[in-house]
**Student:** 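Okay, here's the structure, questions in a sec.
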Amino acid sequence: MNPLFSWAALAGKLAAAISLLAVAPLAWAQPGFPERPVKLVVPYAAGGPTDTFARALAESWGRQAGTTIIVENRTGAGTLVGTETVAKATPDGYTLLLTTVAHAVNPSIHATLPYRTIEDFAPVGLAAKAPLVLVVNKSLPAQTLPEFLAYLKAHPGKVNYGSAGIGSAPHLGAELVNYLAGTRAMHVPYRGSAPAMADVIGGHLEFMIDSAPTGLAQVHAGTVRLLATSMKERLPQTPDTPAIAEAIPGYEAYTWNAVFAPAGTPPTIIQKLTSTLQAALQDDALKRRAYDMGLVLETEPSPAALASFLDSELKKWSQVAKAANMTAN
């Protein structure tokens, strides 16, 4: 056998193999992902707004990913139980977390956490933002947002508002009003939004900043009065209602839904998850359901954008929590 011919043939085969690796790294690194159902952990009870969106998202996302995405509710300790579950899961892309603004405020209101908020998670993408609405008891004399703020300033420490609990989005939204407007409304925490809203309707509380779907449902039922919404711009669902930012410059509060994987999940899997998530968020069926839920879907989710967003949220709510002496312990 001619040794020169053998070496040349071997070199040609090696070059061909290297070229195949270069053009198909994803196939070589993680063949076939996902090959089984993916679990989407929601650290909230079934039936709530986060769970409702999670199930709608899972349906569209599963079609794009070519698998079944199963929503698993893991409640307890104000989202800590479910979040810890994902932090300690195998980093293979088959266990994901769908969380909210609670993920950004928990480090500021808990003395210790059973996970590290940044280091133990790999960002996949921000999926949606969920606006809040400011509603008041119908007997409250304030008929407009400016009148409401004037009423708060005229009655420091004497106006009560309800929330779904310490560190919940309704709590944060109201404390941001106090923080930016210099008011002193008093917080009354409840175990969920429903009993808090019931006391606003019954006149035991003066106001609440609630999630848009549940708050607007009560507005349409005629049980409370809508004064404002919480996003920087007015909501398309309520174009005649002012944003709080129109009276309090810089105000913007909302909860959000973001997807994280356990730290150490291979980048190729994160890439697949993000690309299929983006495709799901473009699904017309999901868009219609999100609109009905009062949600604003993200158009281009990415790990880098979510990491930057989480950093800004951590800083923002840390300042508000400190000013309000907010603690869950």
Side-chain angles (χ1 to χ4, degrees), residues 101 105 129-164 166-190 193 196-256 294-296 312-313 316-317 319-326:
V101 67
V105 75
K129 293 176 181 176
L132 308 171
V133 293
L134 169 60
V135 297
V136 300
N137 176 268
K138 295 184 73 174
S139 66
L140 197 75
Q143 300 291 319
T144 65
L145 178 59
E147 289 178 359
F148 172 74
L149 293 175
Y151 185 85
L152 289 184
K153 291 178 180 179
H155 300 84
K158 296 180 180 180
V159 180
N160 297 321
Y161 72 90
S163 83
I166 295 171
S168 64
H171 184 199
L172 298 174
E175 286 302 333
L176 188 60
V177 170
N178 281 338
Y179 182 68
L180 294 178
T183 54
R184 194 153 57 87
M186 305 305 292
H187 180 221
V188 182
Y190 288 74
S193 290
M197 179 61 76
D199 275 358
V200 175
I201 295 170
H204 304 293
L205 299 172
E206 281 82 359
F207 76 99
M208 183 175 180
I209 297 182
D210 198 11
S211 66
T214 55
L216 291 178
Q218 294 300 328
V219 172
H220 296 150
T223 59
V224 293
R225 183 186 307 128
L226 174 65
L227 293 188
T229 56
S230 73
M231 299 288 279
K232 188 179 298 182
E233 306 291 341
R234 296 188 179 195
L235 298 183
Q237 293 90 341
T238 57
D240 296 329
T241 301
I244 296 176
E246 294 176 35
I248 306 177
Y251 183 97
E252 187 175 24
Y254 46 80
T255 188
W256 39 263
L295 301 176
V296 179
S312 66
E313 288 285 280
K316 173 180 179 177
W317 296 119
Q319 294 173 345
V320 175
K322 183 177 180 181
N325 296 314
M326 198 180 296

**Student:** Could you tell me which non-hydrogen atom of S193 sits nearest to which non-hydrogen atom of P170, and how far apart they are?
**Tutor:** OG-CG, 4.3 Å
**Student:** Can you name the nearest heavy-atom pair linking I244 to A228, along with the distance?
**Tutor:** CG1-CB, 3.6 Å
**Student:** Are the side chains of V200 and V136 in touch, meaning some heavy atoms are under 4.5 Å apart?
**Tutor:** no
**Student:** Take M197 and T214 through the side chain to side chain contact (heavy atoms under 4.5 Å, CB included) test and state the conclusion after the steps.
**Tutor:** CA-CA 9 Å; M197 179 61 76; T214 55; 5.6 Å; no
**Student:** Mind running side chain to side chain contact (heavy atoms under 4.5 Å, CB included) on Y251 and L176 for me, showing each step along the way?
**Tutor:** CA-CA 7 Å; Y251 183 97; L176 188 60; 3.6 Å; yes
**Student:** Would the distance check show the side chain of T223 and the main-chain N or O of Q218 forming a donor-acceptor pair, the cut-off being under 3.5 Å?
**Tutor:** yes
**Student:** Sequence neighbours excluded, which residues qualify as ring-ring contact (aromatic ring centres under 6.0 Å, His included) partners of W317?
**Tutor:** none
**Student:** Please report the interatomic distance CD(E206) to CG(L152), rounded to the nearest 0.5 Å.
**Tutor:** 9.0 Å
**Student:** Can you name the closest pair of heavy atoms from H171 and S163 and give their distance?
**Tutor:** N-CB, 3.6 Å
**Student:** Can you tell me how far the CE atom of M326 sits from the CG atom of L172, to the nearest 0.5 Å?
**Tutor:** 5.0 Å
**Student:** Is it the case that atom CD in E233 sees more than 12 heavy atoms from other parts of the structure closer than 6.0 Å?
**Tutor:** no
**Student:** What's the shortest heavy-atom distance between R184 and P156, and which atoms?
**Tutor:** NH2-CB, 3.8 Å
**Student:** When you measure from the side chain of K138 to the backbone of G222, do you find a donor-acceptor pair of N or O atoms at a distance under 3.5 Å?
**Tutor:** yes
**Student:** Quick one: ring-ring contact (aromatic ring centres under 6.0 Å, His included) partners of F148, sequence neighbours excluded?
**Tutor:** F207
**Student:** Say you draw a straight line from CD of E252 to NZ of K316; how long is it, rounded to the nearest 0.5 Å?
**Tutor:** 5.5 Å
**Student:** Report the distance from atom CG of L180 to atom CD1 of I248, rounding to the nearest 0.5 Å.
**Tutor:** 6.5 Å
**Student:** Set out, in order, the CA-CA distance, both residues' side-chain angles and the distance that settles side chain to side chain contact (heavy atoms under 4.5 Å, CB included) for V219 and V133, then state yes or no.
**Tutor:** CA-CA 10 Å; V219 172; V133 293; 5.8 Å; no
**Student:** Could you give the distance from CG (L132) to CE (M231), rounded to the nearest 0.5 Å?
**Tutor:** 9.0 Å
**Student:** Within the structure provided, determine whether H187 and Y161 are in side-chain contact (heavy-atom separation under 4.5 Å).
**Tutor:** yes
**Student:** Y151: what forms a ring-ring contact (aromatic ring centres under 6.0 Å, His included) with it, not counting sequence neighbours?
**Tutor:** H155
**Student:** Using every non-hydrogen atom in the two residues, find where P242 and R234 come nearest and quote the distance to one decimal.
**Tutor:** CA-NE, 3.6 Å
**Student:** Could you measure the distance from the OG1 atom of T229 to the CD1 atom of I209? Nearest 0.5 Å is fine.
**Tutor:** 10.5 Å
**Student:** How close do G173 and A253 get, counting heavy atoms only, and between which atoms?
**Tutor:** CA-CB, 4.0 Å
**Student:** Heavy atoms, side chains only, cut-off 4.5 Å: are Y254 and V296 in contact?
**Tutor:** no
